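Working notes, beginning with the structure itself.
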Number of protein chains: 2
Amino acid sequence: MLTKSSTELVRQRNSVLVLATLRRHGPLAHTEISEFTRLSSATISAITADLEKAQIIEKSEQQPASGRGRPRVLLRQRRDCGYLIVVIISSDAVQYSLVDYAGKLIDRFSEQRSHDPDGASRFTNSVREGLLRILARSRIEQQKVLLISISSKGLVNSSEPVLVWSPIFGSDQIDFESALRPEWQAKIILDNETLLVAAALGAHEENVKGADFRSLAALSLGHSIGLGIVRRTSHGGHDVSAPNFGHMLHMANGGLCRCGTRGCIEAYAGFYAILRTAFEVPLDTIPAKFVPLAELDKIAARARQGHRISGFAFRQAGLALGNGLSRMLSLTERMPIAITGVGTRYYDLLRQGIEEGLGQSHVVRMEGMPELRVAADEQNLVFEGHLNRALAVIDEDIVVAGGQGGD
Amino acid sequence: MLTKSSTELVRQRNSVLVLATLRRHGPLAHTEISEFTRLSSATISAITADLEKAQIIEKSEQQPASGRGRPRVLLRQRRDCGYLIVVIISSDAVQYSLVDYAGKLIDRFSEQRSHDPDGASRFTNSVREGLLRILARSRIEQQKVLLISISSKGLVNSSEPVLVWSPIFGSDQIDFESALRPEWQAKIILDNETLLVAAALGAHEENVKGADFRSLAALSLGHSIGLGIVRRTSHGGHDVSAPNFGHMLHMANGGLCRCGTRGCIEAYAGFYAILRTAFEVPLDTIPAKFVPLAELDKIAARARQGHRISGFAFRQAGLALGNGLSRMLSLTERMPIAITGVGTRYYDLLRQGIEEGLGQSHVVRMEGMPELRVAADEQNLVFEGHLNRALAVIDEDIVVAGGQGGD
DNA sequence: ATTTTTTTCTCGACAGTCGAGAAATTTAGT
DNA sequence: ACTAAATTTCTCGACTGTCGAGAAAAAAAT
């Protein structure tokens with residue numbers, strides 16, 4: 001409330017609102033936009049006229065008139081209004097996707113990541129090449145790319161596109177802004193991967209529950225552990241955050257983690273940690289760099305057949321996760337927890353430990369066990385989260401720029 | 001962004017902005033308001049004229065003209081525009097304060113709390129009586145009381161004035177809304193005590209650092225442990241929350257807590273817990289209901305003289321606090337931590353443990369130790385926090401009501 | 001008395017939203 | 001073929017808001 005309001009700001013907000021409802025519900029007629037936004041028909045006329053003049057939306061070709069009366073003319077975003085490049089960095093590959101302003105996928109490819117630890121500078125070079133390649137393949141002008149949306153596991157600076165810590169590069173910071181800036185004018189945003197999963201799940205949840213949706217957490221299980229939290233803000237927006245959950249302290253002076261600290265949650269619940277426990281390797285052993293999934297599948301199979309120490313490894317992991325989640329719930333309100341990631345295939349083995357770990361805390365005893373659910377297809381959710389956030393950012397930028405630049 | 005904007009909303013926001021700057025900087029002239037709010041002089045004229053007509057602000061008596069030119073006329077809130085009752089519930093007393101719209105204390109008294117555990121219903125009755133008493137003493141019309149702002153230690157429902165859990169009444173919920181509603185038309189808000197401390201400290205911090213202020217946590221040490229967090233929101237407001245920190249899990253299957261769960265932070269860092277450790281009572285002993293402060297002072301004195309087990313008790317408490325804080329920092333951004341409450345008198349004994357507990361986590365190793373400071377005079381901060389929040393709420397209510405009621 | 005300086009108020013321009021009704025355009029009925 | 005009904009879109013005038021510029025007010029300095 002520290003900043004003043006003006007009538008222009010009202011128009012901006014309402015313009016963004018119109019674009020957002022167009023995103024949520026697809027191409028809409030004048031009347032429908034008015035219903036959804038609760039803005040008067042006259043206002044919709046004014047706003048859509050502006051947006052059309054600025055070449056942001058267009059009238060769609062008239063579809064078969066259904067019912068009597070003057071036929072509706074649908075409004076939709078102009079595909080060629082601008083483009084978005086989504087870069088998803090995972091432990092073994094980098095996926096590049098080119099998307100148009102309407103959210104439609106135009107081109108996509110993946111590049112294997114070299115496992116060289118020489119790291120940061122070589123990696124940013126490969127990202128530069130990847131970006132140029134997807135641009136070249138599609139023959140789109142570079143200026144038309146309005147936004148580059150990047151995601152990775154790890155800890156991200158909330159205000160700048162800087163990867164502060166990642167399981168891949170450790171604390172070699174990667175600043176995408178400075179790496180891409182002279183070459184690209186596009187805005188660059190960077191988000192934690194699980195944050196995007198949470199954002200996508202939150203959007204789903206809100207579509208179902210409407211105003212009843214309050215908050216949700218996404219827990220991603222894999223080589224490392226990620227957590228994303230979505231909350232509805234008072235004005236109806238979504239506030240998302242990606243805490244450093246995997247490296248939250250589970251137990252003081254506990255097992256050695258990849259990050260060099262002792263007792264992180266990941267040092268009990270990450271894949272390498274499960275392996276370590278299952279093979280009864282001392283907890284202060286420096287953890288394996290990379291654990292083949294097949295190896296963990298074997299342990300899981302043994303655990304399912306009743307092999308004690310294998311089962312114990314998963315149970316131990318579940319306890320760490322459950323304790324950690326209970327601590328998170330002590331700091332937030334009660335919320336459902338969606339579990340994603342490769343690790344969901346071991347959910348049958350983890351579940352009991354998670355629930356027991358949750359149950360050891362005061363909040364859970366008071367408020368009851370939070371709803372736990374499994375959300376498969378993490379990859380799609382990540383991409384969906386990218387689109388949700390990136391297109392919203394583009395809408396806002398385009399509206400404020402359109403107001404200043406005029407035409 | 002789900003809700004539409006309109007020109008009336010602009011006026012509302014700007015009116016609230018004017019009232020807020022008047023609160024922050026005391027009585028101001030036309031010109032000064034314009035400078036602080038960045039609103040044009042014409043707009044200030046319009047808004048202040050409205051507010052004056054609605055009897056919310058008034059022109060002050062002209063003070064000695066200083067300097068040449070037309071003398072300024074200061075604008076200030078009308079004291080009699082409305083009143084606020086602040087109710088501070090602590091473990092041994094309830095304090096009632098009557099405050100006018102300008103934030104000036106008019107009357108105050110405290111009532112001893114009966115230590116009867118018969119609890120909730122008798123307690124709400126005593127609060128009803130207290131409220132009527134402070135009203136009667138001041139001869140103010142009941143309708144003029146616009147807000148009753150209550151605080152207590154414990155867990156508070158964020159949307160309704162319901163005390164969900166408190167160290168005093170346990171999980172006997174107290175719903176102040178239903179307890180006071182037929183009798184009082186005033187709005188009723190309830191906040192956690194440490195949340196108010198955090199709010200007050202946040203306001204101070206912002207006055208000093210301005211826009212550089214990002215967030216802050218207040219940790220209250222006493223018979224129970226409280227935590228409040230303030231964060232600046234994107235539009236310049238403050239977002240405060242009071243997590244259930246004292247009963248966050250410190251150690252699975254650890255010491256027995258007053259709440260009945262095992263391993264809460266409070267079961268290591270609350271006063272009774274320090275006593276328990278110092279006297280080497282088993283950790284599963286049901287904790288003492290109430291610990292005289294003198295008892296703890298004795299232990300502290302012994303600890304300062306080098307008595308091992310006494311020192312260990314404080315160190316243990318510090319470790320629990322430090323670990324808990326590190327977990328909080330894993331879920332939020334780095335922020336300074338202000339320590340308040342009676343327990344600050346043992347800070348010399350707790351400090352090492354707190355820092356060690358913090359240092360055991362990944363975040364602290366990465367981002368460095370957060371700034372720790374001691375904020376004395378918790379009682380005043382609580383009251384200040386009440387005023388900050390309550391008067392802001394009144395301002396907003398009065399503006400939206402004034403717009404509708406009109407005159 | 002006049003000028004200077006500072007503050008407050010007022011006026012016209014401009015931007016935004018809204019409700020009502022006109023205009024447009026199709027289907028149904030005769 | 002023509003008219004009536006239905007439905008959507010567009011337009012106009014009223015209202016509310018902010019802003020900049022300059023007029024009016026009021027005291028000190030000359």
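Only a predicted model underlies this, so the values are computations on that prediction, with no experimental measurement involved.
Here the P atom of nucleotide C/dT25 and the NZ atom of A/Lys59 are 11 Å apart, to the nearest Å. Rounded to a whole Å, the CZ atom of B/Arg11 is 15 Å from the C1' atom of C/dA15. Rounded to an integer number of Å, the gap from A/His30 NE2 to D/dT11 P is 10 Å. Taking atom CZ on A/Arg38 and atom C1' on C/dC18, their separation rounds to 14 Å, with Å as the unit. To the nearest angstrom, P of D/dC10 lies 8 Å from CD of A/Glu52. If you measure from atom CD1 of A/Ile57 to atom P of D/dT9, you get 12 Å, rounded to the nearest angstrom. In this structure, CZ of B/Arg70 is placed 16 Å from P of D/dA23, rounded to the nearest angstrom. Atom-to-atom, CG of A/Leu39 to C1' of C/dC18 comes out at 10 Å; the value is rounded to the nearest Å.
Nearest to the side-chain atoms of B/Ser41 among the listed nucleotides C/dC9, C/dC18, D/dG17 stands C/dC9. Considering only side-chain atoms of A/Ile47, the nucleotide from D/dC19, D/dT8, C/dT17 that sits closest is C/dT17. Checked against D/dT9, C/dT7, D/dC19, the side chain of A/Arg72 finds its nearest nucleotide in D/dT9. Set against D/dT11, C/dT17, D/dT16, the side chain of A/Thr43 has C/dT17 as its closest nucleotide. For B/Thr7, taking side-chain heavy atoms from C-beta onward, the closest of the listed nucleotides D/dC19, C/dC9, D/dG17 is D/dG17.
The number of heavy atoms from other shown groups lying within 6.0 Å of CZ (A/Arg181) is above 12. Heavy-atom neighbours of A/Gln142 CD from other residues, nucleotides or ligands within 6.0 Å: above the threshold of 12. Other residues, nucleotides and ligands contribute more than 12 heavy atoms inside 6.0 Å of the CD atom of A/Glu183. Surrounding CZ of B/Arg23 are more than 12 heavy atoms belonging to other residues, nucleotides or ligands, all under 6.0 Å away.
Between the side chains of B/Asn157 and B/Ser159, a donor-acceptor pair is found at a separation under 3.5 Å.
Between A/Glu32 and A/Ser6, the one whose closest nucleotide on DNA chain D sits nearer the 5' end is A/Glu32. Map A/Val10 and B/Ala42 each onto its nearest nucleotide of DNA chain C; the residue landing nearer the 5' end is B/Ala42.
Contact annotation: A/Thr31 side-chain N/O to D/dT9 OP1/OP2 distance is under 4.0 Å. An OP1 or OP2 oxygen of D/dG17 is reached within less than 4.0 angstrom by no side-chain nitrogen or oxygen of B/Asn14.
At the heavy-atom level, B/Ser40 lies under 4.0 Å from base atoms of the strands shown. When heavy atoms are screened at a 4.0 angstrom cut-off, A/Ala29 is found touching the sugar-phosphate backbone but no base atom.
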